[in-house]
Amino acid sequence: MKIGTWNVNGIRAREAQVGEFIAREGPDVVCLQEIKAPPSKVPPSLCELEGYWCLWHGETAYSGVALLVRKAIAPERPAFVHPPFDLETRIATCELGGVTVASIYVPNGGKDLAAKLRFLEAMERFAADAQASGRPLVLCGDLNVARTDMDVHPKERKAGAIGQLPEERALFERILAHGLVDVGRALDPANEGLFTWWAPWRNLRQRNIGWRIDYVLASAPLAASATRCRVLADFGTSDHAPVVAEFPAAPSAGAANGASAAS
C-alpha cells in the first residue's frame, strides 16, 4: 500500500500538479489538505478521478481535506467519515482492510492557539479510542507542529513560535504514545535536513531552510513494515512538499489487534 499526503495550498491552483503527482507515484491512497474549495468547485479533472473513489471536503478559500482511494484496493466505495471534532473541514477518514486512514489539517494556531490545542487533544482521544479497540490507524497530513528542534532548520528555530511550542509538542507526543509511530523519522532518524514546508520567500526552499510539519503516523505493526517514506522536496509549487509512504501490505485486523493487545 502506497499512501501520499500533500498540503496543496489550493486545489484549483495545483490542479495539473496533483494530476501529475498521482500519475507519477500511483498512490493507493491520496490525502490532500488545504484544498480551499467545496466539492462543486474542485476541478472536473480531479473531482471524479478515474480509478479512484473521491471525497472532497472543503469550503471556499479556506481549509479543506480530500481522500482519494484507488478502486483496485477498494472494489466498493469506502464509507468516508468525519469524526466529531471535525471543525472547519479539517479531517476525513475511511477504513481500508481494517485500517483507518485519515487526512488531517490541524489548525495553524496563529490566530487561535486554544482552538489548535483543542483539536490536538481531540486527535489524542481519537488515537486512544482506536488503540483501545485494536483498530490500526494511519494519520496523514499537515499537523502544523514541528515535533522537535531537529524538525526545524536552526535559522528558523524561535522560542515561542507557533508550531514549536512545548505544549504543542507535548500533545504530539501524547498522540504518538497511543501506539503510533512517526514513519518518516523512524526510517530516517539522523537526517537534520528532513523538512516538508518552507516559507515562500528568500529562496528558503532552494536553500532547504524549512520545517517538518507534514507526517505519516502509523500504528506500530504497520509502521514496522514500512519500506520507504519520501519527501518530494523538489515537486510542485505549494509551500509544502508531498510525503509518500510505502507499506508491503496492510495488516489484517486480527494481527493488528494481537499486536495492540501485546503492547
Taking the side chain as everything from C-beta on, heavy atoms only, tell me whether F195 gets closer than 4.5 Å to H153. yes
If we only count heavy atoms from C-beta on, is the E124 to D129 side-chain gap below 4.5 Å? no
For [X] and [Y], does a side-chain donor sit closer than 3.5 Å to a side-chain acceptor?
X: D86; Y: H57; answer: yes
X: D239; Y: W197; answer: yes
X: W6; Y: Q33; answer: no
X: R14; Y: T237; answer: yes
X: Y52; Y: R70; answer: yes

Looking only at non-hydrogen atoms, find the nearest pair between L187 and P189 and report the distance. C-CD, 3.5 Å
Which heavy atom of R185 sits nearest to which heavy atom of N191, and what is that distance? NH1-O, 2.9 Å
Look at the side chain of [X] and the backbone N and O of [Y], then say whether any donor-acceptor pair between them is shorter than 3.5 Å.
X: E168; Y: L165; answer: yes
X: Y62; Y: I35; answer: no
X: D214; Y: T5; answer: no
X: T196; Y: A241; answer: no
X: R135; Y: A127; answer: no
X: R205; Y: W198; answer: no
X: R207; Y: R202; answer: yes
X: W56; Y: C47; answer: yes
X: T60; Y: A37; answer: no
X: W53; Y: A74; answer: yes

To the nearest 0.5 Å, tell me how far [X] [atom1] sits from [Y] [atom2].
X: C31; Y: Y105; atom1: SG; atom2: OH; result: 15.5 Å
X: L137; Y: S219; atom1: CG; atom2: OG; result: 4.5 Å
X: D28; Y: E246; atom1: CG; atom2: CD; result: 9.5 Å

Using the rule that two of Ile, Leu, Val, Met, Phe, Trp, Tyr join whenever any of their side-chain heavy atoms come within less than 4.5 Å, decide whether V30 and V231 are in one cluster. no
Would you say L176 and I91 are hydrophobically clustered, going by side-chain heavy atoms of ILVMFWY under 4.5 Å? yes
I'd like to know whether D151 forms a salt bridge (charged side-chain N to carboxylate O under 4.0 Å, His left out) with R157, so could you lay out the CA-CA distance, the side-chain angles of the two residues, the decisive distance to 0.1 Å, and finally the verdict. CA-CA 9 Å; D151 299 301; R157 293 174 193 164; over 6 Å; no
Salt bridge (charged side-chain N to carboxylate O under 4.0 Å, His left out) between E167 and R169, worked out: CA-CA 5 Å; E167 55 265 46; R169 289 175 169 173; over 6 Å; no
Working for salt bridge (charged side-chain N to carboxylate O under 4.0 Å, His left out), residues R230 and D188: CA-CA 9 Å; R230 295 171 291 138; D188 201 358; over 6 Å; no
Assign the ring pair F85 / F119 to parallel, tilted or perpendicular, where the plane angle (0 to 90°) is split at 30° and 60°. perpendicular
Would you say that more than 12 heavy atoms from the other residues, nucleotides or ligands in this model lie under 6.0 Å from the CD of E192, or not? no
